[in-house]
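Heads up: the structure comes next, in C-alpha cells.
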There are 2 protein chains.
Amino acid sequence: MNEIGLRRRATVHDVARAAGVSLATVDRVLNGRPGVRAATAEKVEAAIAEIGFQRDLSASLLARARDLKLTFIIPDGSNEFMASLADAVARRVGPALADRMHIETHRIKALDAHALARSLDALDIRHCDCAVIVAGEEPSVQAAVDSATRRGIVVMTLVSDLPGTQRRHFIGIDNEAAGRTAASLMGRFLPQGGKVAVIAGSLHLRDHSDRLAGFRAALGAEFPAIELIGPVEGHDERSETHSIVADLLERHGDLAGLYNLGAGNAGLVAALEASNRSGAIRVIAHELTEPTRRGLRSGAIDVVLDQNPDGEIREAIAAARSLALGGSGKAATDPIEIGIFLRDNLR
Amino acid sequence: MNEIGLRRRATVHDVARAAGVSLATVDRVLNGRPGVRAATAEKVEAAIAEIGFQRDLSASLLARARDLKLTFIIPDGSNEFMASLADAVARRVGPALADRMHIETHRIKALDAHALARSLDALDIRHCDCAVIVAGEEPSVQAAVDSATRRGIVVMTLVSDLPGTQRRHFIGIDNEAAGRTAASLMGRFLPQGGKVAVIAGSLHLRDHSDRLAGFRAALGAEFPAIELIGPVEGHDERSETHSIVADLLERHGDLAGLYNLGAGNAGLVAALEASNRSGAIRVIAHELTEPTRRGLRSGAIDVVLDQNPDGEIREAIAAARSLALGGSGKAATDPIEIGIFLRDNLR
DNA sequence: TAGGTCATGAGGCACGTACCTCATGGCGGG
DNA sequence: CCCGCCATGAGGTACGTGCCTCATGACCTA
C-alpha cells in the first residue's frame, strides 16, 4: 500500500525512499540525465508507478526558472483562417507568459514545403522546446519534422496531420467527419437532389482530402439523387477561387449546391454575389472568418463548418505544456469539435 | 518606465522596491492581511500597476502548500445532461489534482431551491474556496449565493445564470442565441411552414426562458408561416415529457416540428418512436446525451443543440483558478459555444 | 597495482511566494 | 511620562523541483 496515505501527494523524496536510491538518482531518471544503470532506472520507474508519483508542474517550472519556449509556424498569405490562427496565438501570449510559457510565431509562405522545412531546420533547442506546425504531406517537411524531433524539439501538427512522422501530437478536427456532415446538411437542404460542385484548396493537404472522402462517401450512401461536380482545386486563394466559382455558375445554370472544403472564401462570396443567384444555391464552406461571416449574413453561404482556432491554440499550448514536461507520455487533450454555424449562431 | 526592462518578470521584491516599502508590507497588501494603513496600501497598489506585477500562480500555490478547494453542486435525478456534467467533473479530478486543485461534487435534488440553498449554506470557507452551481432564479438561492460570497467563497454559476447576485462569473452558452438558432434551422427544414410545438423544462429556469424568447423572436421575424404550439412544461422529466409528446402527437395529426428546449429527451424519443411518425416530424432538442444520441441515430431527432459539458467544466476550473488567486478581478474565460449536432458529426 | 571511468550519494542553492516571529519606532491616552 | 497599540521592517523557513558540486566506492584496463 501507500505509506503516506491520503495526507499529501507523493514527492521526489518519497520516490527516492521507495526505490531505495538517493534524490540525485531519482532526479537523473526523471530528467533523462545520463549516469544511471538501466537496472537502477527501472527500480525508480517502478517506485514512481507504485506510489503514483506525479511531478508537480508548478514546482518544476518554478525550479527551472525559465519559460517553456513554444514556436508556432503558420502559413502566411491571403488565407484568413491562418490569420485567425495567428491572432488566436497572439491573444494567448500574455496569459501564457503568466504560466511561464514564452510563445513565438513565425509566418511562412503558404503551401511552400521547402520554406517550412527550412524554418523547422532553423529551430534550435536552446530557443524552442516545442514547435507547432500547419503542414502538408511533403517529403521535405516530414524529414524536417523527424530531424527537429531528433534535436530534442517536440513537434506537434495543427489543423492537418502528418502521420508517419515523429510528430508527437495532432490538434484538429476529424476532417472526414466534417465532410460527412457537409454532405448530410447538403442532402437535407436539397431533398429533390441536383448538382453540387466541390472546390478544394489542394488535395495534397490531408485535411482537404479527408473532407472530400467523407463528403463523397456520405453523399453516395445517403443522397444518390445528388450529382457531384468536381472537385476543382482553388489553392486556397481568393482570386483563383473567384474565377472557379464564376466559371461553375456560368457552366451550370442548374447548380443547386456548392461545397468549398478549402479556403479562398472571399472569392467565393464575391463571385456568388456578383451573380444574381446568391441565396438560390445552397453553399457550405469551412472556417468562420470575415468572408464566411459576411457570406452567412448576406445569405450567400448557408452553413460554415468550423474548427475553433482559439480552442485549437488553447489545446496546443496545453499539450505542449504536458509534453515538454511529461517526457515520453502522450498528451491528453480535449478533442476539437466541428463547429456548425448558421447566420443565427455566429459568434 | 520599467527599470528591470524585459529581462524578467516583476516579483514581489520589485514591488517592494518600487513602492519604497518592505517585502512584509507588500505581502500584507497582496494577501489582504491587516496592519497596513490605507495610504501605504495605495502606494503598493500603485507600484504593482506601474511595474505590471503579476503574482506567479505556480509559486503562489507552491508556497501555500495547499490545494485550491472547488465544490461543484449539480442537480441529481433523471436529467442526463446533469449526469454528463458530473461525469465531466469526475474526469477532471485527477488532472486538476496535478495542478493543486481539489475538486468535490455534491449532487442535490433537481429544481429544489431550498436543497441548493442549504447546500450552499453548509459550505465552509475552510473546505471550499469556490463553489460552482447550477441554479434557477429563486430568492432562497440568491440569498444563499450572497451569503456564501460574504463568507469569502467565490460563487460561480454554470449553465443557467443568476444575474443580480454576487456570483463572480457565469459559464454557459448564450441561450437566446441558441433559441434563435433552433428557429432558423426549423424554418429551413420546413419551407412550407406548419405547426411546431415547444416543450420546456421550467420557465423559471433562466436558460429555458431565454431559449424560448430567442426561438419565438426569430420564428416571428423570419418564418411567419410557422405556427407555434405551446410551450408546455415537462419539468425536465422523462415520463412527464413522454406523455406531453404523446399527447401532442395525438392532438395534432399535422404536427410538422417539435422543439424541446429542456431535458427529458428519453421520454421524447420513446414517445416519437412509439408513434409511427418518427422521422416525419422535424425535431430539435438540447444537450448531447444518450437519449438524444439515440434519437439522432434513429432519425427521431434531426438536430441537437449542445453546450459541451467538458468545455464548461474546463472553463469553470480555469475561472476558479484565476478568481481564487487573482482576487477582485474578472475571470477571462473562453466562451462556451453552441454546438450543433446531426447524426453525422456525433462526437 | 595505479589510474581511469562510471554509478551513485550527499548536500546545497535557487526559483517566487506565503507566512511566521521579532524588533522598532510612532503616537495617543491615562 | 509610561504603557500599550499599531504600522512597518527585517529576516527566516517552507513548498517541490532542477541543477550544481563534490565525495565515494566499484569496476575495468594497462
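In the text below, chain A, chain B and the rest are named by the order of the sequence lines, each starting its count at 1.
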**OP:** Applying side chain to side chain donor-acceptor pair (under 3.5 Å), run through B:H169 and B:T333 and close with a yes or a no.
**Re:** CA-CA 10 Å; B:H169 197 63; B:T333 57; 3.1 Å; yes
Subject >> Check against side chain to side chain contact (heavy atoms under 4.5 Å, CB included), A:L70 and A:H102 >> reply: CA-CA 6 Å; A:L70 235 181; A:H102 181 77; over 6 Å; no
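With respect to the salt-bridge test (charged N to carboxylate O, under 4.0 angstrom), the residues B:R314 and B:D334 do not qualify. Comment: B:R118 does not engage B:D121 in a salt bridge, judged by the lack of any side-chain N to carboxylate O separation of less than 4.0 angstrom.
Atoms CG (A:L23) and P (D:dC15) sit 13 Å apart, rounded to a whole Å. Nucleotide D:dA7 holds its P atom 15 Å from the CD atom of B:E42, rounded to whole Å. Atoms CG (B:D14) and P (C:dC15) sit 12 Å apart, rounded to a whole Å. Computed from coordinates, the A:R33 CZ to C:dG9 P distance equals 15 Å when rounded to whole Å. Between A:H13 atom NE2 and C:dG12 atom C1' there is a gap of 12 Å when expressed in whole angstrom units. In this structure, B:R28 atom CZ and C:dC22 atom C1' are separated by 12 Å, rounded to whole Å. Between B:D56 atom CG and C:dA14 atom P the separation is 18 Å, expressed in whole Å. C:dT5 atom C1' lies 14 Å from atom CZ of A:R37, rounded to whole Å.
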Mind listing the N/O atom pairs, protein and nucleotides 24-26 of chain D, below 3.5 Å?
none

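Nucleic acid contact class of A:D27 (heavy atoms, under 4.0 Å, all strands): base.
Distances shown here put a side-chain N or O of B:S60 below 4.0 Å from the OP1 or OP2 atom of C:dA18. For C:dA18, one of the phosphate oxygens OP1 or OP2 lies less than 4.0 angstrom from a side-chain nitrogen or oxygen of B:R55. For the pair B:R64 and C:dT17, the criterion of a side-chain N or O lying under 4.0 Å from OP1 or OP2 is not met. Look at B:S22 and you'll find a side-chain N or O under 4.0 angstrom from OP1 or OP2 of D:dG9.
Between C:dT17, D:dT17, D:dG9, one nucleotide has an atom nearer to the side chain of B:V12 than all others, and that is C:dT17. In this structure, the nucleotide among C:dT17, D:dG16, C:dG9 sitting nearest to the side chain of A:V21 is C:dG9. When distances are taken from the side chain of A:L30 to each of C:dT17, D:dG18, D:dT8, the shortest belongs to D:dG18. For A:A59, the side-chain atoms get nearest to D:dG16 when compared with the rest of D:dA7, C:dA18, D:dG16. For A:T25, taking side-chain heavy atoms from C-beta onward, the closest of the listed nucleotides C:dA18, C:dG16, C:dG9 is C:dG9. The listed nucleotides are C:dT17, C:dA10, D:dA10; the one nearest the side chain of B:A63 is C:dT17.
Each of B:R100 and B:A24 has a nearest nucleotide on DNA chain D; the 5'-most of these lies closest to B:A24. Comparing B:G20 and B:L62 along DNA chain D, the residue whose closest nucleotide (by nearest heavy atom) sits nearer the 5' end is B:G20.
Every pair tested for side chain to side chain donor-acceptor pair (under 3.5 Å) that includes a residue from residues 37-47 of chain B fails, sequence neighbours excluded, so the list is empty. Applying the salt bridge (charged side-chain N to carboxylate O under 4.0 Å, His left out) test to pairs two or more places apart or on separate chains, those with a residue in residues 134-147 of chain B are B:E137-B:R206.
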